[in-house]
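Below is one structure, written out as structure tokens; the observations come after it.
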Amino acid sequence: MAGDSSEKRDLDVSGSKERKRSRSRSRDRDRKGSPGKERKRHRSRERKRSRSRSKSADRDRRQKDKERDREKDRERSRKDRDSHRGAKDKNKKSRSTSPKSKDTKIKREKDVKMEEEDQEEKKKEKVQPLSLEELLAKKKAEEEAESKPKFLSKAEREAEALKRREQQTEERRRQIDEERRKRRVFQDIGRKMLEDPQERERRERRERMERESNGNEDDESRQKIREEKDKGKELQAIKERYLGGMKKRRRTRHLNDRKFVFEWDASEDTSIDYNPLYKEKHQVQLYGRGFIAGIDLKQQKRDQSRFYGDLMEKRRTMEEKEQEEQRLKKMRKKEAKQRWDDRHWSQKKLDEMTDRDWRIFREDYSITTKGGKIPNPIRNWKEYELPPHILEVIDKCGYKDPTPIQRQAIPIGLQNRDIIGVAETGSGKTAAFLIPLLVWITTLPKIDRLEDSDQGPYAVILAPTRELAQQIEEETIKFGKPLGIRTVAVIGGISREDQGFRLRMGCEIVIATPGRLIDVLENRYLVLSRCTYVVLDEADRMIDMGFEPDVQKILEHIPVTNQKPDTDEAEDPEKMTLNFESGKHKYRQTVMFTATMPPAVERLARSYLRRPAVVYIGSAGKPHERVEQKVILMSEAEKRKKLLEVLSRGFEPPIIIFVNQKKGCRRIGQVPGENGVQCLYTSWW
Ligand SMILES: Nc1ncnc2c1ncn2[C@@H]1O[C@H](COP(=O)(O)OP(=O)(O)OP(=O)(O)O)[C@@H](O)[C@H]1O
């Protein structure tokens, strides 16, 4: 109810105002109705205004105040109207369309119209800025108007199109002109810059700076990208480390997959075998170092060296050429000398032999020596300075060349040195110790030899067995008889009296076995007062056979007055040679031959030999050169058959077959018997 009363009040207030306005509007309507009048009025107003403007500023101010007041009033009325509209909306339902409300509506519409007209009039009077609401309303109205379809006639459309076309061509022309103008300006600038070097320099500097700045920017951006990538990788790595990253599965291709897989191995490529291109691959050359790519490097090198050689040859002076020739001659001479010196010892004369040649010589004959200054071995009989009668005998015996032991032992023996010779049976040891002895004996006057025959022999040769002693005797007689040197063998199995008789007749050399010699010595058939030469042949065998005490006893029968001093003198070749040539007063010389060197032999050597020279022939553990060894691998069942096959090849008897068991010995013994060959078998049981 209160609301209604207030509304009424408002309406009353507004009513009075509206009335005033209606009156003015009615006037306006009247004015509109008569345009001529209105024009007159307007002109008069304009005149008035111009008059007033020109009259004074006070009036203007007053006018402005009035305008301001009027504006305020207008605002107020607008607000009232809005509130009135809101109230009207609220009471729309409650209030039915009563005649009263209709009147007010019409009145309001009239008011609005009047107001609009008023506004237009004012606008005309003075251009004032539009309020926001007005602007919005205006815009809305424009949009609505635009959204409404416009129906244009054909002529209008054609006109429109023509207009648009003109606009487009105009726009195009304008653009072309603009471009042309710009180009002209640019060309002008360029021309100026070409003319002005300073300007050009400035421009270049500017461009450079721009480029650098761009480059720096690029670098920075690249750096940023790199850092981001690194961070990403690091993050990924951390994730994989702590969360267990997803491993990329390797794609495996199976043979059953639809896609065909060509299984091929490099070794299956046979093109290399028949294609000459692959066979003779050309060496690819790159440019540089003075070579041309694609051409054989060796050929290029050859050409280059030829070219430079020719060039150098042209440039050399005569003097230089001579010098070079001299140098080459010297070099050739030196090389020839070297070649001459490097000849084999067999191509050299004795006086051309160097130490190196002697070393090679010893190696060739498997001679190894030890102990003091050992003289060089004998190359051949003729070369060596042996007395002619000795050489004659050697020649008579048919010894064309000395055996290895003879080559080394004879020169040592001729120096009156004690010798330990390690050599096998049948290596020519007899001549090795006999020749120095014969040389010495033949130096002694024959009368002395005959007169002093009761003093006993000059040399005693001890052998372990009768057979060996006889063998040595044979050899000795062979050498000694032509030289008038008498030899007596004192061995078992022969009458002691006979031997005693022969000894009493006198002899220079006694060959004996230890047992019988002691017997003869003890029975005074023999004395060793002038014995200066003692030979122990096959000393190891003698010791094995238990002759060591006998040997010692025999050696005790030899006088000690002519024993060598146990000093370096015993090794001095010159002093010893002099002593050797001194005839009767020669030191006692002891020579020992053995195939092995057991401790007993060493003991014997230490006791009776003075500073001996040791000569080894061959190498220990090495099979003898004359023995052929064959190993045939087969099963037990095949052995018998194989043995018969080997025997049927025609080996000269006697043949020795060694077996490891007694029964095997019997069984094999029957086999050759079947083939008509006598067989003996024996064993150590
Ligand atoms: N230089 C030589 N040239 C040719 N034949 C030689 C030469 N030296 C030795 N002989 C011969 O070789 C054979 C064996 O010689 P020698 O008896 O001297 O050997 P050995 O080593 O003494 O053997 P063993 O110890 O059995 O007596 C002899 O018949 C001998 O005539």
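Note that ligands are numbered from 1 as they come in the structure, with each ligand's atoms numbered from 1 the same way. Given the structure is predicted, the values throughout are model-derived calculations rather than measurements.
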Would you check whether Asp537 has a nitrogen or oxygen atom less than 3.5 angstrom from a nitrogen or oxygen atom of ligand 1?
-> no

Within a distance under 4.0 Å of any heavy atom of Leu468, pick out the atoms of ligand 1 and give their elements.
-> 24 (P), 25 (O), 26 (O), 27 (O)

Quick one: nearest non-hydrogen protein atom to atom 30 (C) of ligand 1, plus distance?
-> Tyr399 OH, 3.3 Å

Atom 8 (N) of ligand 1: which protein heavy atom is closest, and how many Å away?
-> Gln406 NE2, 2.9 Å

Between Ile374 and Arg417 the two heavy atoms that sit nearest each other are CD1-NH1, 4.3 Å

Do the rings of Phe361 and Tyr365 sit parallel, tilted or perpendicular, given the 30° and 60° boundaries?
-> tilted

Would you say ligand 1 has an N or O under 3.5 Å from any N or O of Ile472?
-> no

Please determine if Trp381 has a nitrogen or oxygen closer than 3.5 Å to a nitrogen or oxygen of ligand 1.
-> no

Of the side chain and backbone of Gln471, name the one, both, or neither that has a heavy atom under 4.0 Å from an atom of ligand 1.
-> side chain

Is Asp418 reaching over with its side chain to a backbone N or O of Arg610, donor-acceptor style, under 3.5 angstrom?
-> yes

Answer yes if a protein heavy atom lies under 4.0 Å from atom 13 (C) of ligand 1, otherwise answer no.
-> no

May I ask you to identify the nearest protein heavy atom to atom 25 (O) of ligand 1, giving residue, atom name and distance to one decimal place in Å?
-> Glu538 OE2, 3.1 Å

Using salt bridge (charged side-chain N to carboxylate O under 4.0 Å, His left out) as the criterion, point out the one residue from Asp357, Asp342, Asp341 that pairs with Lys348.
-> Asp357

Of the backbone atoms (N, CA, C, O) and the side-chain heavy atoms from C-beta on, which set of Ile405 has a member under 4.0 Å from an atom of ligand 1: side chain, backbone, both, or neither?
-> neither

State the atoms of ligand 1, each with its element, that fall below the 4.0 Å cut-off from a heavy-atom position in Lys478.
-> 31 (O)

Atom 28 (C) of ligand 1 sits nearest the protein heavy atom Glu475 OE2, 3.7 Å

Check whether any N or O atom of Lys400, backbone or side chain, sits under 3.5 Å from an N or O atom of ligand 1, and answer yes or no.
-> no

Judging by distance only, is a nitrogen or oxygen of Pro402 under 3.5 angstrom from one on ligand 1?
-> no

Looking at Tyr525, is Arg504 sitting on its ring face, NZ or CZ under 6.0 Å from the six-membered ring centre and within 45 degrees of the normal?
-> no

Do me a favour and list the nearest non-hydrogen protein atom to atom 24 (P) of ligand 1 with residue, atom name and distance?
-> Thr425 CG2, 3.5 Å

Minimum heavy-atom distance between Ile367 and Arg407, given as atom pair plus value | CD1-CB, 4.4 Å

Protein heavy-atom partner closest to atom 19 (O) of ligand 1 - residue, atom, separation in Å = Gly428 N, 3.2 Å

When distances are taken from atom 20 (P) of ligand 1, the protein heavy atom at minimum range is Gly426 N, 3.4 Å

Do Arg306 and Asp303 meet the salt-bridge criterion of a basic N to acidic O distance under 4.0 Å?
-> yes

Nearest heavy-atom approach of Ala409 to Ile419 is O-CD1, 3.6 Å

Of all heavy-atom pairs between Ile511 and Glu473, which one has the smallest distance, and what is that distance?
-> CD1-CA, 3.3 Å

Hey, are Lys641 and Glu638 close enough for a salt bridge, meaning a charged N less than 4.0 Å from a carboxylate O?
-> no

Would you indicate which of Thr430, Leu434, Thr465 comes nearest to atom 16 (P) of ligand 1 when only heavy atoms are counted?
-> Thr430

Say whether, by atom type as modelled, one donor and one acceptor occur between the side chain of Glu352 and the main chain of Lys349 under 3.5 angstrom.
-> yes

